[in-house]
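The sequence lines fix the lettering, A, B, ..., with proteins before strands; numbering per chain opens at 1. Just so you know, these numbers use all the heavy atoms, side chains as well, and skip hydrogens, waters and symmetry mates.
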Number of protein chains: 2
Amino acid sequence: MNKKVTAMDVARLAGVSQSSVSRAFSKSASISNKKRKMILDAAEKLGYQPNAIARGLITNQSRIIGIVMRDVQNPFYPEVLEKFYSRLSEEGYQIMFINSQNDEVQEYEVSQLIEYSVEGVIITDALLTSAAVQKFNRNGISVVLFNRYISDSMSNAVICNNFSAGQRIGQYLLDTGHRQLGFISGPSNTSTSLERSRGFIDTLQKHGIESIPMEDGGFTYEGGFAAAEKLMKHHAKIDALFCANDVMAFGAMDYLNTAGYRIPEDISVIGFDNVKMADWSPYALTTWQQPVDEMIQQAVKLMLDDINGQQEEPEMNFVDGCLIERASVKNRR
Amino acid sequence: MNKKVTAMDVARLAGVSQSSVSRAFSKSASISNKKRKMILDAAEKLGYQPNAIARGLITNQSRIIGIVMRDVQNPFYPEVLEKFYSRLSEEGYQIMFINSQNDEVQEYEVSQLIEYSVEGVIITDALLTSAAVQKFNRNGISVVLFNRYISDSMSNAVICNNFSAGQRIGQYLLDTGHRQLGFISGPSNTSTSLERSRGFIDTLQKHGIESIPMEDGGFTYEGGFAAAEKLMKHHAKIDALFCANDVMAFGAMDYLNTAGYRIPEDISVIGFDNVKMADWSPYALTTWQQPVDEMIQQAVKLMLDDINGQQEEPEMNFVDGCLIERASVKNRR
DNA sequence: CTTTAAAATGTAAACGCTTAACTCTTAAAA
DNA sequence: TTTTAAGAGTTAAGCGTTTACATTTTAAAG
């Protein structure tokens with residue numbers, strides 16, 4: 001382990017003061033071009049890199065954003081992670097990655113983030129207690145929820161309008177002539193699943209459909225598979241299945257196929273997320289596309305505005321998305 | 001943004017010196033239980049958390065490990081990320097996540113890691129120039145390559161024995177009566193793909209099979225699809241296809257199915273990675289399982305040993321893995 | 001009731017940086 | 001020429017910790 005080279009070393013080599021070295025590395029400092037060049041050359045020669053830890057300490061700005069993510073194996077989230085990375089990178093932020101092990105982000109995970117003085121935290125598919133929110137707030141850490149919200153909502157959030165998406169999916173299925181609809185939900189403590197189902201049910205009821213068989217598929221492939229099985233065993237006449245996310249839809253489709261149902265001839269399936277695989281030929285899943293790019297754009301904007309104090313009140317932004325039609329839904333008219 | 005509460009604040013409230021507060025939070029410090037409790041209570045009341053940035057500065061230990069990952073959308077890697085997170089978390093490390101945008105990890109990505117004084121860097125599916133390795137070395141940063149290695153190899157690495165896996169896959173295909181074999185490779189600058197193909201070819205040649213049609217599928221679904229198409233157009237008699245990773249195998253299978261080939265009756269397909277989806281019914285892919293848990297275990301051990309100076313020479317650990325038989329290969333005997 | 005060692009606490013010096021305050025040049029304005 | 005001001009560079013004060021060292025307290029031993 002070689003000694004770290006510090007600004008002082010560079011200063012000595014270049015024959016200037018250590019503070020000049022600091023200035024040479026600062027965009028907005030007044031320093032002559034000649035001297036800056038000298039210093040930069042010396043730095044180059046020594047392989048000097050400013051120490052972000054020391055800088056963070058004095059400026060009180062770590063330039064680190066925490067990202068909390070739970071179900072990394074759901075292909076929707078790697079995509080989200082990738083895009084957050086790219087946007088935040090552009091803004092000069094680093095990412096501290098937290099893979100939340102529980103539904104609810106744990107006390108110690110919150111503490112870790114705080115200890116490292118992250119400037120902000122993005123929560124994707126995990127739940128945040130209001131205690132946790134307060135803890136972040138007390139420490140001046142901005143929080144933005146991605147596709148989640150919590151009732152007491154003192155936090156920024158950007159959310160796909162799950163309720164209206166649920167409605168429109170219901171409407172679409174009705175319009176294409178389906179009458180026996182089933183729903184495979186995610187965990188009942190996630191606002192995403194809840195809202196999607198509320199919208200869906202809302203529309204169906206308006207059209208006089210009261211009985212809507214449901215099963216919890218826990219947002220996983222296996223869950224979707226099992227839920228479809230239960231559903232079909234008890235309600236053989238179902239002609240369309242709405243799954244609260246794509247992975248569950250894949251599970252459901254695989255169950256249906258192995259059980260001898262033809263998709264979409266016997267039963268239509270519709271998903272949510274428009275994950276890459278939805279386009280793969282064995283599935284060709286009709287699904288709801290969340291405008292991920294836009295959502296991330298907004299989430300980062302919210303985050304930065306909050307960090308830079310250009311924000312008074314927490315904001316909740318809703319975005320819509322649209323239906324992507326593929327081959328898993330049949331027009332029964 | 002509330003003022004951060006510091007050890008000094010706690011010290012004042014508890015009526016002790018600031019250094020005692022520090023000691024109260026250190027496992028191995030000599031401090032009376034009574035006083036420790038007092039301090040911890042005061043800290044609790046104020047919501048104090050030690051500042052890891054300041055600690056890092058003085059101890060010269062950030063307790064951050066960088067993870068560099070490129071193709072996050074290949075389901076193999078989220079799994080890897082999750083497991084690394086969990087292991088490193090146990091050891092009290094945080095993760096700084098870098099989503100490398102290019103095949104080769106870029107100069108500025110290296111710099112970022114160095115600026116934040118990460119103690120070590122784990123490189124998964126990205127390439128590291130020896131210049132980059134040197135830069136890390138000069139800064140006393142441990143590097144371990146996960147499933148990659150580079151020729152000048154001054155770095156630790158843990159690697160699935162891709163060569164022998166390739167051999168055994170070749171043997172398996174031969175044993176099951178295949179004679180016309182094709183290969184879909186990953187990018188030609190990845191040691192993983194290269195070794196797998198070398199082993200595969202090696203075995204086939206030993207059995208007198210000289211002509212082995214190949215296409216580069218770039219380790220992606222689309223690439224696998226296109227590669228299979230090209231391969232079949234020019235070599236209609238192929239009866240088995242070895243794909244250097246699972247996602248390409250999925251692409252290839254989807255092409256084959258849409259083109260009217262039956263798997264495995266007309267053509268067998270074999271993958272590599274044993275990603276979750278390989279078990280899904282539309283694919284039921286026979287594939288090579290890398291012992292991911294073991295590999296990560298070893299990688300982390302290498303990392304920690306290196307960080308703690310308990311290591312003289314860089315080590316390269318090879319692990320084997322095993323074939324997982326599903327339904328995509330037919331015994332033609 | 002000393003004496004002595006050990007344990008607990010306090011004091012103060014770093015760690016590597018940024019930045020306010022100050023000094024010294026240099027050149028333009030008077 | 002003198003005055004003034006802007007520009008360039010330096011000095012030094014932190015940021016919130018850990019930790020070596022000094023000092024005080026406590027407990028054990030004589």
Greater than 12 external heavy atoms within 6.0 Å of E44(B)'s CD: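 At most 12 heavy atoms, drawn from other residues, nucleotides or ligands, come within 6.0 Å of this atom.
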Between [atom2] on [N] and [atom1] on [X], what's the gap in Å once rounded to a whole number?
| X | N | atom1 | atom2 | answer |
| --- | --- | --- | --- | --- |
| R63(A) | dC17(C) | CZ | P | 17 Å |
| R23(A) | dT19(C) | CZ | P | 10 Å |
| Q18(B) | dT18(D) | CD | C1' | 8 Å |
| M38(A) | dA8(D) | CE | C1' | 13 Å |
| E115(B) | dG16(C) | CD | C1' | 13 Å |
| N51(A) | dA14(C) | CG | P | 18 Å |
| L57(B) | dG16(C) | CG | P | 7 Å |
| R55(A) | dG16(D) | CZ | P | 18 Å |

Phosphate OP1/OP2 of dC17(C) contacted by Y48(A) side-chain N/O (<4.0 Å):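 For Y48(A), the contact criterion (side-chain N or O under 4.0 Å from OP1 or OP2 of dC17(C)) is met.
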Of E294(B), Q298(B), K301(B), the residue whose pairing with N317(B) passes side chain to side chain donor-acceptor pair (under 3.5 Å):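 Testing N317(B) for a side chain to side chain donor-acceptor pair (under 3.5 Å) against E294(B), Q298(B), K301(B) leaves exactly one candidate, Q298(B).
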Sugar-phosphate only, base, or nothing, as touched by F25(B) at under 4.0 Å among non-hydrogen atoms: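 The residue F25(B) makes no contact with any strand.
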Sugar-phosphate only, base, or nothing, as touched by S22(A) at under 4.0 Å among non-hydrogen atoms: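 Base, at least one base atom sits under 4.0 Å.
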Centroid-centroid distance, F25(A) to Y48(A), less than 6.0 Å: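 Distance test on ring centres: under 6.0 Å, yes.
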Value rounded to 0.5 Å, distance of CE in M96(B) from CD1 in I67(B):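 It comes to 12.0 Å.
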5' priority, DNA chain C, between K35(B) and S26(A) [closest heavy atom]: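 Nearer the 5' end of the strand: K35(B).
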Earlier contact from the 5' end, DNA chain C, for V16(B) and A54(B):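 Counting from the 5' end, the first nearest nucleotide belongs to V16(B).
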No-H, no-angle donor-acceptor pair, S19(B) side chain to dT11(C) base, under 3.5 Å: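 Per atom types, the contact qualifies.
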N-O pairing of K37(B) and D41(B) below 4.0 Å: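 Answer for the salt bridge query: yes.
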Position toward the 5' end of DNA chain D (nearest nucleotide), S17(A) or T6(B):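 It is S17(A), whose closest nucleotide lies nearer the 5' terminus.
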